Amino acid sequence: MLKMSTLFLRTLRDDPADAEVASHRLLVRAGYIRRVAAGIYSWLPLGVITLRNIENVVRQEMDKAGFQEVHFPALLPREAYEVTHRWEEYGPSLFRLQDRKGGDYLLGPTHEEMFTLMVKSEYSSYKDLPLSIYQIQTKYRDEARPRSGIIRGREFVMKDSYSFDIDDAGLDISYQKHRDAYIKCFDRLGLRYNIVKAVSGAMGGSRSEEFLAPCSTGEDTYVLCPSCGYAANVEAMVTKVAASDPSGIPSLEELDTPNTPTIDLLVAVMNEKFGGGYTAADTLKNIMVIADGRALAVLVPGDREVDLKRMQENLSGVHELRVFEEADFAQYPQLVKGYIGPQDVKAFGITLYADPRVAPGTSWISGANKKDLHARFVVNGRDFIPDAYIEAAEVRAGDSCPECATEIVIDRAIEIGHIFQLGRKYADALNLTVLDQNGKSQVVTMGSYGIGVSRAVAAIAEQTSDEIGLNWPVEIAPAKVHIVATGKDDLPFDTALQLGRDLEALGISVMLDDRRDASPGVKFKDAELIGNPIIVVVGKALVDGNVEVRVRKSADKSEVALSLAVSAIASLLT
RNA sequence: CGGGGCGUAGCGUAGUGGCUAGCGCGCCUGCUUUGGGAGCAGGAGACCGGGAGUUCGAAUCUCCCCGCCCCGACCA
């Protein structure tokens, strides 16, 4: 039983000055966490209990699914990360350090290498597969900008699992088992979430989904269809536009358009020339970009910006994507800035991509690749042919759902889980192979699956807290019942203690406010701030043989006979 | 890394060159109080983020450094 008279806890009456989001403010005020450095927090008893409760839910669901728990060090030697080039590629986000002999070490930001190497050293036959192993471990990432308290820290607790299979069919099964286990997990944690398609690669790559907990302070943006439930990361949102029939569209016509290097000016000139009716959506924006040093052209409707992040995610293997700078234009003197059109960029040796919104058969107003000239009736398939289609245009609320054409909404969320078919990247790099039935060596295929355990504390706090404090779901609260004893006599205190013992005998965890010197108001405020689901007040009502039972979430109160209190409380908790 | 804000006691804050750095919460002692952050009285607690400088005099002005928060870039 957690007794407040001795609990290592000091709640704060004022919001801490350095906290802005609800979870951060309340977790500090209620005495769950304290900041040590940017993105690094200490956990006080209430915080530790809450974190453990979440860990245990995760652990139980992993174990039920048949995954086995292991544990790696956080402090790792450089070698493993050299083989996969991550010692360099991970960049400044990797905490690097040296031992006394000058040997290089790192604090693990994630453990793919270690898991892969461990399986490699233990297993060598297809008969040993499939295998899924996991750990719950502290991870270290030197984030450029830690944020929002515990939501994005530099030290955080993560559950990471890895699956190992002999073939793609096996990987699909392992992936699905994780997906099912995650659903059970997050349901038990009382989180609202959407399972969102992450970028799986337009290039037909592997499958990946994120579990996103909707919340206004979240840092992920995703699209959601209110009708069919389609949900996707903005980067993974798919655009479906049908091809149209270009017959009947007049042939391409070049137009004199001096001094109109921008879309706005172009629309104005068109409306002046042809008596109105034109908008930016009728024009074609031809954006030049550099992908890892290679020049590409991409076409989007003139009323949309190119979303570089989205485009890059859909260009597999591209590390750096940026728009043309002056120096790049200097390399391609054929390109007339402000008047670029798709009609002959391919002739300049540049690959031409088009967003799906620039569908086959559609007709556009575009640059004519000549100074002061534009063209209209520029038809996809007739006047230019894209080399490939790629999702590149920005996504907007109201765009149509690829599944059912309903207008999608855009929402914010915290990423609490991510499941991902890794494939053979790490197994290849680290040479993880097993012998198959024919005695032939086969590279193992892997999946990786993460749950942000410490982040889940914040995500749940964000979704459940209110004006007056935290408000935990039953399974993860530091105690299921918070008993407040009030008055100056021994009777309510003795009664409260006995009630606590009776509840604990039924396996119901109890926090008891047995402080003799605190006023009732302080105790009520603290109980509400700390956020346990049931608050029982043992005080005034005792003269009638009653205690008061309050439900934190609904603020419902009722008086219950002391003799019936245990069963009444137990039934509220089920 | 770019932009903005901030750093005074455990927490929240006042103090723009001049007395012993002020207030609220919290903490300690005593008395009273006990159903919505009690009252009175007394008390402890601050190298005013650090360093250098200007000045008769610096929390306050100047320079450098460090740290923290927010927006963005970045990252899962």
Side-chain angles (χ1 to χ4, degrees), chain A residues 9-21 24-25 28-31 34-41 44 86 89-94 109-110 112 139-149 151-154 156 158-160 196 198-199 208-212 217-222 233 235 308-309 312-313 319-322 413-420 448-452 454-455 459 468-469 484-489 491-493 513 515-529 535-543 546-548 550 555 557 559:
Chain A
L9 170 72
R10 187 108 298 151
T11 59
L12 304 177
R13 192 175 294 209
D14 300 305
D15 281 336
D18 62 359
E20 221 148 87
V21 302
H24 189 198
R25 275 190 299 119
V28 172
R29 268 192 65 202
R34 291 287 181 259
R35 193 182 61 76
V36 172
I40 302 176
Y41 288 82
L44 281 68
R86 286 216 288 189
E89 283 179 7
Y90 217 93
S93 295
L94 190 64
T110 170
E112 280 84 358
K139 307 284 188 197
Y140 297 86
R141 291 181 195 171
D142 194 359
E143 295 283 349
R145 185 150 97 80
R147 212 187 303 238
S148 310
I151 293 176
R152 175 173 295 274
R154 293 193 292 171
F156 56 97
M158 179 169 158
K159 187 287 302 177
D160 51 325
V196 168
V199 174
S208 170
E209 288 165 296
E210 293 175 356
F211 289 72
L212 298 186
T217 51
E219 24 175 24
D220 281 45
T221 306
Y222 71 107
N233 211 306
E235 287 76 38
L308 282 177
K309 195 173 173 187
Q312 182 175 347
E313 290 288 350
H319 294 292
E320 195 208 356
L321 187 69
R322 59 175 176 82
I414 300 174
E415 181 188 346
I416 47 173
H418 193 168
I419 53 178
F420 185 57
S448 95
Y449 317 88
I451 290 179
S454 48
R455 179 181 278 183
I468 57 176
V484 175
T486 66
K488 40 183 172 182
D489 305 322
L491 183 65
F493 288 85
D513 198 339
R515 290 175 294 177
R516 301 297 287 242
D517 50 353
S519 70
V522 170
K523 294 180 183 179
F524 295 150
K525 292 285 187 200
D526 274 348
E528 286 151 355
L529 178 61
I535 299 169
V536 178
V537 184
V538 181
K540 268 189 166 170
L542 215 48
V543 294
N546 291 341
V547 296
E548 186 180 315
R550 304 179 180 179
K557 309 179 182 190
E559 288 202 0

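Remember, it's a predicted structure, so these values are computed and weren't measured experimentally.
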Query - Span that lies between the P atom of B/C11 and that of B/A46, in whole angstrom - result: 13 Å
Query raised in the report: So, are A/R152 and A/E143 salt-bridged, with charged N and O less than 4.0 Å apart?
Result: yes
Report task. Between B/G15 and B/A9, how far apart are the C1' atoms? Round to whole Å, please. Result -> 15 Å
Query raised in the report: Taking the P atom of each, how far is B/G30 from B/C68, in whole Å?
Result: 42 Å
**Report entry** Set of ring pair (Phe, Tyr, Trp, His ring centres under 6.0 Å) partners for A/F156, sequence neighbours left out
**Finding:** none
Query raised in the report: Listed by chain and number, what are the salt bridge (Lys or Arg N to Asp or Glu O under 4.0 Å) partners of A/D18, not counting sequence neighbours?
Result: A/R35
Report task. Kindly say whether, by distance alone, the side chain of A/E528 makes a donor-acceptor pair under 3.5 Å with the base of B/G36? Result -> yes
Query raised in the report: Whole Å only: how far is the CG atom of A/D513 from the P atom of B/G37?
Result: 15 Å
Query raised in the report: Residues in salt bridge (Lys or Arg N to Asp or Glu O under 4.0 Å) with A/E209, at least two apart?
Result: A/R179, A/R207
Report summary line: Across all chains, not counting sequence neighbours, the salt bridge (Lys or Arg N to Asp or Glu O under 4.0 Å) partners of A/E548 are A/R550
Requested in this report: For B/G5 and B/G24, measure between their P atoms and round to the nearest Å.
Outcome: 32 Å
Query raised in the report: Are A/R10 and A/D526 close enough, and set up right, to give a salt bridge (Lys or Arg N to Asp or Glu O under 4.0 Å), and what steps lead you there?
Result: CA-CA 10 Å; A/R10 187 108 298 151; A/D526 274 348; over 6 Å; no
Report task. Round to the nearest Å and state the distance from A/R515 atom CZ to B/G26 atom C1'. Result -> 12 Å
Report summary line: Expected string for nucleotides 71-76 of chain B under the B/S/- scheme (protein heavy atoms, under 4.0 Å, primed atoms plus P, OP1, OP2 as sugar-phosphate) is BBBBBB
**Report entry** Value in whole Å for how far the C1' atom of B/G67 lies from CD1 of A/I40
**Finding:** 13 Å
Requested in this report: Would you confirm whether A/K523, through its side chain, and A/T486, through its main-chain N or O, come within 3.5 Å as a donor-acceptor pair?
Outcome: no
Report task. Look at A/S519 and B/U34 and indicate whether a side-chain polar atom (N or O) is within less than 4.0 Å of OP1 or OP2. Result -> no
Requested in this report: Not counting sequence neighbours, which residues clear side chain to side chain contact (heavy atoms under 4.5 Å, CB included) with A/Q312? List them please.
Outcome: A/V318, A/L321
**Report entry** Nearest-angstrom distance, P atom, B/G51 to B/U13
**Finding:** 25 Å
Query raised in the report: Starting at the 5' end of RNA chain B and moving along, which residue's nearest nucleotide shows up first, A/R550 or A/A37?
Result: A/R550
Report task. Using a heavy-atom cut-off of under 4.0 Å over every strand shown, decide if A/G539 touches base, sugar-phosphate, or nothing. Result -> base
Requested in this report: Identify, with sequence neighbours excluded, every residue that meets side chain to side chain contact (heavy atoms under 4.5 Å, CB included) alongside A/S93.
Outcome: A/Y90
Query raised in the report: A/V28 near the nucleic acid: base, sugar-phosphate alone, or nothing, with a heavy-atom cut-off under 4.0 Å?
Result: nothing
Query - Whole-Å distance separating the NZ atom of A/K523 from the C1' atom of B/U33 - result: 13 Å
Query raised in the report: Between B/G26 atom C1' and A/L9 atom CG, what is the distance in whole Å?
Result: 13 Å
Query raised in the report: Please, what dot-bracket string fits RNA chain B when only Watson-Crick and G-U pairs with both distances under 3.5 Å count, crossing ones use [ ] and pairs to another strand use |?
Result: ((((((((.[[[[.)..(...]]]].((((((.....)))))).....[[[[[..)....]]]]])))))))....
Query raised in the report: Taking the side chain of A/R10 as its heavy atoms from C-beta onward, which of B/C69, B/G26, B/A38 lies nearest to it?
Result: B/G26
Query raised in the report: Roughly, in whole Å, what's the span from CG in A/D489 to C1' in B/U33?
Result: 14 Å
Query raised in the report: How long is the line joining NZ of A/K525 and C1' of B/G26, in whole Å?
Result: 17 Å
Query raised in the report: When you match A/A541 and A/A38 each to their closest nucleotide on RNA chain B, which lands nearer the 5' end?
Result: A/A541
Query raised in the report: Rounded to the nearest 0.5 Å, how far apart are OG of A/S454 and CE of A/M158?
Result: 10.0 Å
Report summary line: Applying ring pair (Phe, Tyr, Trp, His ring centres under 6.0 Å) to A/F211 and not counting sequence neighbours gives A/Y182, A/F186, A/Y193
Enumerate all atom pairs, one protein N or O and one N or O from nucleotides 10-15 of chain B, separated by less than 3.5 Å.
from	atom 1	to	atom 2	distance (Å)
B/G12	OP1	A/A17	N	2.9

Requested in this report: Please measure how far the P atom in B/C40 lies from the corresponding atom in B/C64, and state the result in whole Å.
Outcome: 49 Å
Report task. Please measure how far the C1' atom in B/U16 lies from the corresponding atom in B/U55, and state the result in whole Å. Result -> 16 Å
Query raised in the report: When you compare B/U20 with B/U32, how far apart are their P atoms, in angstrom units rounded to a whole number?
Result: 40 Å
Report summary line: Rounded to whole Å, CZ of A/R34 lies from C1' of B/C68 at a distance of 16 Å
Report task. Using salt bridge (Lys or Arg N to Asp or Glu O under 4.0 Å) as the criterion, list what pairs up with A/R147, not counting sequence neighbours. Result -> A/E219
Requested in this report: Not counting sequence neighbours, which residues clear side-chain hydrogen bond (donor to acceptor under 3.5 Å, both in side chains) with A/E559? List them please.
Outcome: A/N546
